[in-house]
Amino acid sequence: MLEIRWHSRAGQGAVTGAKGLADVVANTGKFVQAFAFYGSAKRGAAMTAYNRVDDQPILNHEKFMRPDYVLVIDPGLTYTADITANEKESTKYIITTHLSKEELLNSQPKLQGKDVYVVDCMQISLDTIGRAIPNAPMLGALMKVSGMFELDYFQNAMKKVLAKFPQKIIDANMAAIERAYNEVK
Amino acid sequence: MVKKIKNLKEFSLSNDRFEGANLMCPGCSHNIIVREVLNATDDPVIVATATGCLEVCTAVYPKTSWDVSWIHIGFENAAVAAATVSAAYEVMKKKGKLPPATQKMVDEGKEPKIVAFAGDGGTYDIGFQSLSGAFERGHNFMYVCLDNEVYANTGGQRSSSTPIGASTTTSPAGSVSYGEKMMKKSMVEIMADHGAPYVAQVSPSKWKDLVKKVQKGFEVYGPVYINAQSACTTEWKHAPEDTIEVSDLGVDSCVWPLYEIINERDEHGIIYSTKLNITYRPKNKIPVEEYLAAQPRFRHLFKPENRHIIDLWQKAVDTRWEYLQRREEAGV
Amino acid sequence: MAKKYELNEVEVWDGNMAAAHALRQAQVDIVAAYPITPSTPIVQNYSKFLADGYVDGEFIMVESEHSAMSGCVAASAAGVRAATATSSQGFALMVEVLYQASGMRLPIVLAVVNRALAAPLNVNGDHSDMYLGRDAGWINLCSYNPQEAYDLTLMAFKIGEDLNVRLPVMVHQDGFICSHTAQNVRPLQDEEAAEFVGEYKPVNTMLDVANPVTHGVQTEEDWHFEHKARQHHDLMNSFDTIKKVFNEFKERTGREYDLVYTYKMDDADVAIFALGTTVESARIAADQMREKGIKAGVVSLRVLRPFPFKEVAEALSNVKAVAAMDRSAPGGTFGALFNEISAALMAHGKAPIMLNYIYGLGGRDTTINMLKEVYEDLDKCAKAGEAVVPLQQFLGLRGPKLSFY
Amino acid sequence: MAKDLKEVKSIDEIKDLGWNEIIPGASLFSFTEPVENVVEVPEEERPYAPTNSHEWQVGDWRVEKPVYNRDLCIDCQFCWVFCPDISILSRDKKMIGVIYEHCKGCGICVEVCPTNPKSLLMFPEHMDNNEALNMWPKKEEKK
């Protein structure tokens, strides 16, 4: 079973991102789960979302998770949220930041020695989508880091998930995914 | 389809859809009101009733006093019950799935009229939320409040319709109390302010006025509120045969003014005119004291120490009567 | 005519979306609803379906849950299909009308997204609302995941509307853990679902002006008892219809449902008896216990009401120790599951060691490790041949261990 | 299967029904067969179900009964419109009499009767109506 934890602020699209990923993965015949921790706090509050992916039907309903991937889509959460909670030795971190990987590790020492990737999903989403919704670029980065799907395949699959949106928005998301895919380090 | 009723003789040709051998008190106004409302139309009628005297006395298993479809759910939900029956009717009409007999009536221009009956407890108090919601949503139905100013079904407790000075079982008059302390809530205006196309106050003793208003209500599309004075022999404590006389005293003293408020709306539902019409002006406006004296629920007000409440009553009634007349003159 | 909704063979739906699609496919005539977390998305989704032309009926956004259920009662008595959804405080506000719906024998469907009851206020999942309504005379179906929330909601219409049943049906799913968790769901196509559910069969409709009917009578002591007896009789006998509908559904989809759910109970020595999503998590715990040589199994109710008294006893007939997992504050006694299971076992001459765990209140995470602890307790007791741990324990609670008896 | 209350022929039969014979939901029917437009059917022609209160009686509630004097009546229909118990039988704009099975003896009909002397008066329940008519008072002088 593959497990993913998203760190986000409410409104940044982590739940939509997690569900979009689940949609794409489900189309390959795998079993998926996408959920989130909700509190009463509104837009802007730190929150977490989760994915599970497996070849078997997913029976596990515990919220507790030892993630294979931790996706941080808001730059500030690297410093304020417990992003390393319940980590494994093999846990991979993909972190939204404008810093280089080195600068990031210096600014957040607890990430040192871990398998960390950086990508500026915030800037990418501003440039492509025009709004700070960093979920789509993070999925692009995840594809690159995990090798889960080829970029083409994933983009086509995401087009179907986004089918209800205007073409302009779909195109912007595709551009965001591609840029992050190429830029993640 | 408006039923033609020129006079009482013509009205008496009506075949009642409300039956005798129900269990209401002898001399109860509720029954008179129900008959006048149902007989005001020859179209099919469907009724929802809140818990209360009317409900517990007309549908006690295994007998029903209704020759129209009827539903009771609870104390506080007659409005939503009627409103949803109305919605269900419209859905089935749209889907073309009405029962054949009903469809036939509709084809003949006889649309079912959906009417809710509730007492003042079920209207002014516990049912107010449901009533307000149903009116705001604009369902097509008529809501008739049988206003006897007291929780009669549970043994005479005060409601927010109980007028000042009335002795009830929870606002009893005593050596240091003149009874109910609050003025009655102005339900008619409250319901008119929901934007309902038609709202009126009626008394069963003025049958023609009542029938005319009910017919007007049936003619408009949207929620209609009728506040009906319902003299209660048990809780107002007058003799059963005096029901009509006590009702007349209420109307002729202007304690129970008969009037209507019409909200005229354009095709978008925007109200462009609100008109209040007084529909009955007593030739001789009698003193409130005569109305109070006819009902032992006010007997204690005639003690010297409580006379000031009678004066207050008169002042309140005069002020309100003035207010209604000024609104009518101003056309608002 | 409503538009057909294009569905994939596999959709990724959360429990709310699954329930909303089931309501849509049943082409409910009247949905009267009031929003409350976590069931809100069901009625939001439904109103969107309506806005996009996928439903022909009417969505009435009333001013309270009390009116939501009252509206469903009136609509159902009027002779149309009615359904709604709620949770927690909204469910509590509905309770008065729940009894009226069942007493009036109206086949309303209520999607209940289980949530804790205040105070303190909490929007997360537990079974307080389910327990509050369990004696309201409704058929209660329990789902453990979004697929089942969909399946059981569709089946609820067919069960409740059966002329031998004519009772309202609740379908429970866990707040958030199911309602907001997207998983693979294999829906029926619209026409197939419509064919399965069937046209609504109005009984004594108020809209038939030629046959006036009186609904919601008063009864005195001379009749009330007979009507409640008839209602109980028909609820108890609804097992036959429930099984029939489960079978028809299996023939159509291959998905199998039974009154009681069991996992690895053939040779189990110890069993967890739970409701909701915990049932599936417990399967993982049971498998892990079996790797350690402990014969663990899982039992649950698919049908909470009517209570499958005999089948529960049968399912547990060979175990040595059972943990009844109650996800609701027990309010001064043992949990309801504990009491009901114990009664079923005793009446059938079985006496395994019975433990009661209060867990997961207000959405407290129920982990596989916690469930394994329960199995460890059960194993200890089974091996000792008597209860060597307290009979009632609070699981996953901060502070000193809380237990009774 | 529940006994269809529409098939029950008499009030006595209803009283004997067991729990297994009653209609689920305690629904009651007004008529034994469809009545297409009930307002066009006078009560004497309606197929009343035994579950319709029309078929029952409350006459024994009375202490006094209204007696009707046809000779004085002007058919104004005040008694008809204000009777709470649908107990004034009026046909073709003519007052015919009192339905004693349904009259609870409230006396409203007497109070609202405008003739002088009144065309309806209350008499003790046990008194014969002809006897009552013989005792009818004379016209009252206006004071």
Side-chain angles (χ1 to χ4, degrees), chain B residues 17 43-49 51 55-95 97-102 104-106 110 112 114 129-130 132-134 136-137 139, chain C residues 1-2 27-32 34 55-64 66-82 93 96-97 99-101 103-104 106 199-200 202 204-220 222-224 226-227:
Chain B
R17 285 172 283 188
D43 294 346
V45 175
I46 300 174
V47 171
T49 303
T51 308
E55 173 264 324
V56 301
C57 294
T58 62
V60 184
Y61 198 86
K63 51 186 189 283
T64 177
S65 301
W66 298 90
D67 297 341
V68 297
S69 280
W70 182 93
I71 186 169
H72 155 255
I73 308 174
F75 196 177
E76 64 286 66
N77 49 17
V80 68
T84 323
V85 169
S86 174
Y89 162 72
E90 290 187 4
V91 167
M92 289 295 107
K93 188 178 157 191
K94 195 172 72 184
K95 287 187 173 182
K97 284 201 211 161
L98 288 173
T102 310
K104 188 166 168 249
M105 295 290 261
V106 174
K110 295 172 184 165
I114 293 150
Q129 179 172 316
S130 153
S132 179
E136 170 271 320
R137 295 191 300 274
H139 298 280
Chain C
M1 196 50 193
Q27 287 292 318
V28 180
D29 296 302
I30 297 270
V31 170
Y34 192 77
V55 184
D56 267 344
E58 193 66 63
F59 173 74
I60 307 174
M61 171 79 197
V62 288
E63 77 298 331
S64 76
H66 194 283
S67 278
M69 187 45 65
S70 300
C72 287
V73 167
S76 190
V80 308
R81 188 173 274 157
L93 189 54
E96 183 199 13
V97 198
Y99 280 76
Q100 286 154 343
M104 290 165 78
L106 301 169
E199 279 273 306
Y200 185 70
N204 304 329
T205 164
M206 289 171 72
L207 296 181
D208 183 1
V209 300
N211 289 291
V213 57
T214 291
H215 285 292
V217 295
Q218 195 208 341
T219 51
E220 305 284 357
D222 57 350
W223 278 106
H224 188 79
E226 279 71 24
H227 283 290

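All chains are named by letter (A, B, ...) in the order of the sequence lines, taking the proteins before the strands, and each is independently numbered beginning at 1.
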Side chain, backbone, both or neither: which part of C/E199 has an atom under 4.5 Å from a heavy atom of chain B?
side chain

Check each atom of B/I73 against the heavy atoms of chain C and say whether the ones under 4.5 Å are side chain, backbone, both or neither.
both

So what's closer than 4.5 Å to chain B heavy atoms on C/M1: side chain, backbone, both or neither?
neither

Do C/V217 and B/V60 come within less than 4.5 Å of each other through their side chains, counting heavy atoms only?
no

The interface call for B/V45 against chain C, heavy-atom contacts under 4.5 Å, is neither

Is there a side-chain contact (heavy atoms from CB on, under 4.5 Å) between C/L93 and C/M69 once you walk through the steps?
CA-CA 9 Å; C/L93 189 54; C/M69 187 45 65; over 6 Å; no

Proximity breakdown for C/L207 and chain B, heavy-atom pairs closer than 4.5 Å
both

In terms of heavy-atom proximity below 4.5 Å to chain B, should C/A74 be classed as side chain, backbone, both, or neither?
both

Quick one: of C/M104, C/H227, C/E220, C/M61, who has the most non-hydrogen atom pairs under 4.5 Å with chain B?
C/H227

Quick check on B/K93: does its NZ atom have over 12 non-hydrogen neighbours (other residues, nucleotides or ligands) under 6.0 Å away?
no

Report the residues that fulfil side chain to side chain contact (heavy atoms under 4.5 Å, CB included) with B/V56, sequence neighbours left out, ordered by chain and then residue number.
B/N153, C/Q218

With sequence neighbours left out, what residues match B/K94 under salt bridge (Lys or Arg N to Asp or Glu O under 4.0 Å)?
none

Measure C/A32 against the heavy atoms of chain B and call it side chain, backbone, both or neither at under 4.5 Å.
neither

Let's test your reading of the structure: which of B/M92, B/E76, B/K104 forms the most heavy-atom pairs below 4.5 Å with chain C?
B/E76

Bottom line for C/H66: the part with an atom under 4.5 Å from chain B's heavy atoms is side chain

Are any non-hydrogen side-chain atoms of C/T205 and C/V213 less than 4.5 angstrom apart?
no

With respect to chain C, which residue among B/P44, B/S130, B/G133 yields the maximal number of heavy-atom pairs within a distance under 4.5 Å?
B/S130

Student check: side-chain heavy atoms of C/M206 and B/I71 closer than 4.5 Å:
yes

Let me know if B/K97 has heavy atoms under 4.5 Å from chain C in its side chain, its backbone, both or neither.
side chain

Determine the minimum heavy-atom distance between C/Y34 and C/S64, stating which atoms define it.
CD1-N, 3.4 Å

Looking at C/C72, C/G79, C/S76, C/G71, which makes the most heavy-atom pairs under 4.5 Å with chain B?
C/G71

If you tally heavy-atom pairs under 4.5 Å against chain C, which of B/V47, B/T102, B/I114 wins?
B/T102

Residues B/P62 and C/W223: closest non-hydrogen pair is CD-NE1, 3.7 Å

Go through C/V97, C/D222, C/D56 and name the one with the most non-hydrogen pairs under 4.5 angstrom from chain B.
C/D56

Do any N or O atoms from the side chain of C/D29 and from the backbone of C/R81 form a donor-acceptor pair under 3.5 angstrom?
yes

With only heavy atoms counted, which part of C/E58 is less than 4.5 Å from chain B, the side chain, the backbone, both or neither?
both

Exam field: side chain C/T214 to backbone B/T64, donor-acceptor pair closer than 3.5 Å
no

Please classify the contact of B/E55 with chain C as side chain, backbone, both or neither, using a heavy-atom distance under 4.5 Å.
side chain

